[in-house]
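Chain A is the first sequence line, chain B the second, and so forth, proteins listed ahead of strands; every chain is numbered from 1.
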Amino acid sequence: MKTAKLGILRERTEELLRSSLSKALSSAANPKQLHNVHSLLITSGLERSAFFAGKLISKYAQFKDPISSLSVFHHFSPATNVYQWNSIIRALTHCGLFSKALELYSTMRDIQLKPDKYTFPSVINACAAAGDFQIGRVVHNHVLEIGFEFDSYIGNALVDMYARFGDLIKARNVFEEIPHKDIVSWNSLISGYSANAYWEEALEVYYQARMAGLNPDPFTISSLLPACGGLLAIKEGEMVHGLVEKLGIDADIIVSNGLLSMYFKFGRLLDARRVFNGMVVKDTVSWNTLICGYCQMELFKESIELFMEMVRRFRPDLLTITAVLRACGLLQDLEFGNFVHDYMIRSGFECDITASNIIIDMYAKCGDLLASRNVFDRMKCRDSVSWNTLINGYIQSGSYGEGVKLFKWMKMDLRPDFITYVALLSISTRSADMKLGKEIHCDLVKLAFDTDLVVCNALVDMYAKCGKIDDSLMVFENMKVRDIVTWNTVIAACVQAEDCILGLRMVTHMKNEEFMPDMATLLGILPICSAIAAKRQGKEVHAYTFKFGFLLAVPIGNALIEMYSKCGNLTYSVRVFEHMKTKDVVTWTALISAYGLHGEGKNALRTFEEMIAAGIIPDHVAFVAIIYACSHSGFVEEGLAYFDLMKKDYNIEPRLEHYACVVDLLSRSGQLSKAEEFIKSMPLKPDASIWGALLSACRASGDLKIAERISQNIFQPGSHDPGYYVLAANVYAALGRWDDVRMIRKSIKARGLKKDPGCSWIEIRKRVYAFRTEDKFFKQYEKVNNLLGILTNLMAKEGYAADLQYALHDVEEDEKRGLLYGHSERLAIVFGLLNTEPGTPLQIFKNLRVCGDCHTWTKYVSKIVKREILVRDANRFHKFQDGTCSCGDHW
DNA sequence: CTAGGGTTAG
């Protein structure tokens, strides 16, 4: 009786002890408390119970102490209770010791201990985290063997595992087989698609889930937001935001951070700020998302300011620091970059590979390759990004040899990837080294990198820059996938090859394939429009910049000013200029050039002075523009004054183009001997462009003595512009030295140079009509020829006589007259007269310079037909009105 | 069992 009572009492005490120790164990808030409870368990002999052992193992894992977990587990040898095994496997997985967890799982199988359904989720997790596809398959088979495949927990874990392997087909299959799909099942699939950038699929599954009656939770939302952001699905994103507020889960910090990140992807700074400011609790991720978001929007200065603000009230982590270091690199702010790097070291941050790579890049972008090299050399472990970043740094600073040397070392450490080869390719692109480019192309084919999009884009660019447009187009045609960069590159390739028509065709082609032009595209198209005076396409680009807000970008405005002025619309150039909020030296130069081109020298001078007053410092291009403008308006004194000012006040050493402008300035005003003296006094060796400027003036003014003296200077080795040869030939033709003309023609042929045939074009009712010299094969030839005769007869009565020195063949006088007759601008003008209402102004464009005879001829025409005729030749605009020209015969 | 912020290249 007594012993029985005593037994009950002992049991009761033991029970009390167990329950209080169990409570103490669960509520242990730090490792120290846990150790105390552990000691109590040992003294009371309860440590060896399967229940407490399992609890201890889990609890140690909670405090990331897997060693203690393992030590508790190893007190049982061998452990026979599945609960203990589950605990240790879960503990090890939780602590990131995935292989150890999987090792224990296979030991469990070796000793033929049967896992239960609680074993698998953590085992599957370990496979997923370790990236071990092989064991993952084995575990999956094991699950099927035991018949656990219908368990939701296990199914969900499998979905997650396959998604992490990137095998969304298998993930989906497992998902479909789960009989009772719960919210975690849906979340796992959505998250799987989202994490692998299958954004459409993520959204689609989300809609399916909603139709299945599922209410989203924070997990659902936080997988969905990146999908909305990635797709730039603004409507869906806003809807999800609304839903978040309706469900009241906007207090979830991960959800809010997700919203923040999404708005940055949309480029919606204000909405992002609103989310950030509205957050009651912010964590490091919130701040980092904000700072990185500003960087993504290229607001680097602001992102640095935010960093400073963050430092005052929050502790930054390594990601914050690397984000600002990136901003420093992109701003090329070496001073602040050094400061932040120093701050990082002082604060004791340990750099991982990624962080070190970012620092290498920062220093490289700031031009401090020594610092880059230092960080690189100190790294204990490097990946291909480390090598690529350093190699690219050297290449971008022009040290191609160092880049190649590093490439050779890299091969001893690890295998170069396609990015390494793209870097090497850029050496050949930059130095137009076709041989090297071809070699790399061969390597790329051998390594099967030649199907990669970025690689192909680089190849298109390389061949184009090496002058091999056909090879460039060949790579382009063979590409199966293209992106916006491909199109921008191929358009630039067309410009490089001086095939503007093909360039515009590419633009159409690109639109047909529904690619949205970006800023780079527009900056590629505008110069084409300028070159061939494609007014409609140019205006279209302008409209596009309005629609998408690119107008605010300074380079776009600059290109628009040039485009409008070269298309003959100076008023629009001025309007674009006036609307620009930010103007740089290029903007002002563009306007000065525009005025120069149209012969409005006074406005050019005024604009130049306004630029100085606005505090903009003119560069060497600005001086070319102003001297050019002076030259084309006959402002000789002013032009010479600016030439002196450039050296004296701005310390800019004159380049060949400045000397060419001055020669042009002097010779246009008839001071031919002074121009010749000026050339002789130049410190630089005059090239064909300098002699050409003088020569063309000699020809226009008929001073054949000087022309004869200097014409041989045109033939200089290295001059590949056929224009100068033609010019010299023209001079000899004017002198009647036909043998020399023939000699030059031969020389042009021998050098493989091709003379551009004269071509003029006019746009009437959205169609462009182009005419070549002597063109006889167009529809209205008879009518045009008739009117041409009538007009020429009419002006003969007013005093016009053909200036036969401009006929370039050794033929009889009558025939010469006929040749002048057929000059392409005359055909275009007469065609325009025939096909527009009386009084309509005409705009003609010509690829070469207007000849002196045509210039006179057009003056007469403008008077006879009472029309304003605007002609853009290779040099400038001529506005013919009532028998005079705006160039005042300075052209 | 499911969720958020970082690197090189055209």
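- Within the nucleic acid shown, S256(A) has no heavy atom closer than 4.0 Å to any nucleic acid atom.
- In terms of heavy atoms, V385(A) sits closest to T389(A) at O-OG1, 2.5 Å.
- Across all strands shown, D182(A) has no heavy atoms under 4.0 Å from either base or sugar-phosphate atoms.
- The residue D217(A) sits apart from the nucleic acid: no heavy atom pair falls under 4.0 Å.
- D483(A) comes within contact range of at least one nucleobase, with a heavy-atom separation under 4.0 Å.
- One side chain, D417(A) or S384(A), offers a donor N or O that lies under 3.5 Å from an acceptor on the other.
- Between the CG atom of D361(A) and the P atom of dT8(B) there is a distance of 6 Å, given to the nearest Å.
- The distance between atom CZ of F376(A) and atom C1' of dT7(B), rounded to the nearest whole Å, is 14 Å.
- Contact annotation for D417(A): no contact, since no heavy-atom pair falls under 4.0 Å across all strands.
- F418(A) comes within 4.0 angstrom of a base, heavy atoms only.
- In this structure, Y206(A) has its ring center no closer than 6.0 Å to that of W186(A).
- Side-chain atoms of D352(A) and base atoms of dG6(B) include a donor and an acceptor less than 3.5 Å apart.
- Among dT8(B), dG6(B), dC1(B), the nucleotide with an atom closest to any side-chain atom of Q296(A) is dG6(B).
- Nearest to the side chain of K365(A), among dT7(B), dA9(B), dT2(B), sits dA9(B).
- Residue contacts for L453(A): at a heavy-atom cut-off of 4.0 Å it reaches a base atom on one of the strands shown.
- Distance from the side chain of V184(A) is smallest to dC1(B) among dA3(B), dC1(B), dA9(B).
- Taking side-chain N and O atoms only, N392(A) has no distance below 4.0 Å to OP1 or OP2 of dG10(B).
- Across all strands, V422(A) comes closer than 4.0 Å only to sugar-phosphate atoms, never to a base (heavy-atom distances).
- Closest contact between the side chain of D383(A) and the listed nucleotides dA9(B), dT2(B), dT7(B) involves dT7(B).
- The backbone N or O of V255(A) lies less than 3.5 Å from no partner atom in the side chain of S222(A), so there is not a single donor-acceptor pair.
- In this structure, the CG atom of L414(A) is 13 Å from the C1' atom of dT8(B), given to the nearest Å.
- Seen from the ring of F376(A), R382(A) counts as a face-on cation partner, given the 6.0 Å and 45° thresholds.
- Of the candidates dG6(B), dC1(B), dT2(B), the closest approach to any side-chain atom of F219(A) belongs to dT2(B).
- Going from atom CH2 of W487(A) over to atom C1' of dG10(B) covers 16 Å, rounded to whole Å.
- A cation-pi arrangement is found for K282(A) relative to F276(A), the charged atom lying closer than 6.0 Å to the ring centre and inside a 45° cone about the ring normal.
- As a whole-Å value, the separation of E177(A) CD from dC1(B) P is 23 Å.
- Residue contacts for T489(A): at a heavy-atom cut-off of 4.0 Å it reaches no nucleic acid atom on any strand shown.
- Residue contacts shown for A355(A) include a base, since a base heavy atom lies under 4.0 Å away.
- Between the CD1 atom of I391(A) and the C1' atom of dT7(B) there is a distance of 15 Å, rounded to whole Å.
- The residue R164(A) sits close only to the backbone: its heavy atoms come under 4.0 Å of sugar-phosphate atoms, none of a base.
- Cation-pi geometry between R482(A) and F515(A) is not met: the NZ or CZ atom fails to fall both under 6.0 Å from the ring centre and inside 45° of the normal.
- The distance between atom CG of L325(A) and atom P of dT8(B), rounded to the nearest whole Å, is 13 Å.
- Counting to the nearest Å, the P atom of dA9(B) and the CG atom of L330(A) are 9 Å from each other.
- Between R430(A) and dG10(B) there is no side-chain N or O to OP1 or OP2 distance below 4.0 Å.
- Closest contact between the side chain of S223(A) and the listed nucleotides dA3(B), dC1(B), dG6(B) involves dA3(B).
- The side chain of I419(A) lies closest to dA9(B), out of dC1(B), dT7(B), dA9(B).
- Contact annotation: R326(A) side-chain N/O to dT7(B) OP1/OP2 distance is under 4.0 Å.
- In this structure, T389(A) reaches the sugar-phosphate backbone alone: every heavy-atom distance under 4.0 Å involves primed, P, OP1 or OP2 atoms, never a base.
- Side-chain atoms of N357(A) stay outside donor-acceptor range of the base of dG6(B), with no qualifying N/O pair under 3.5 Å.
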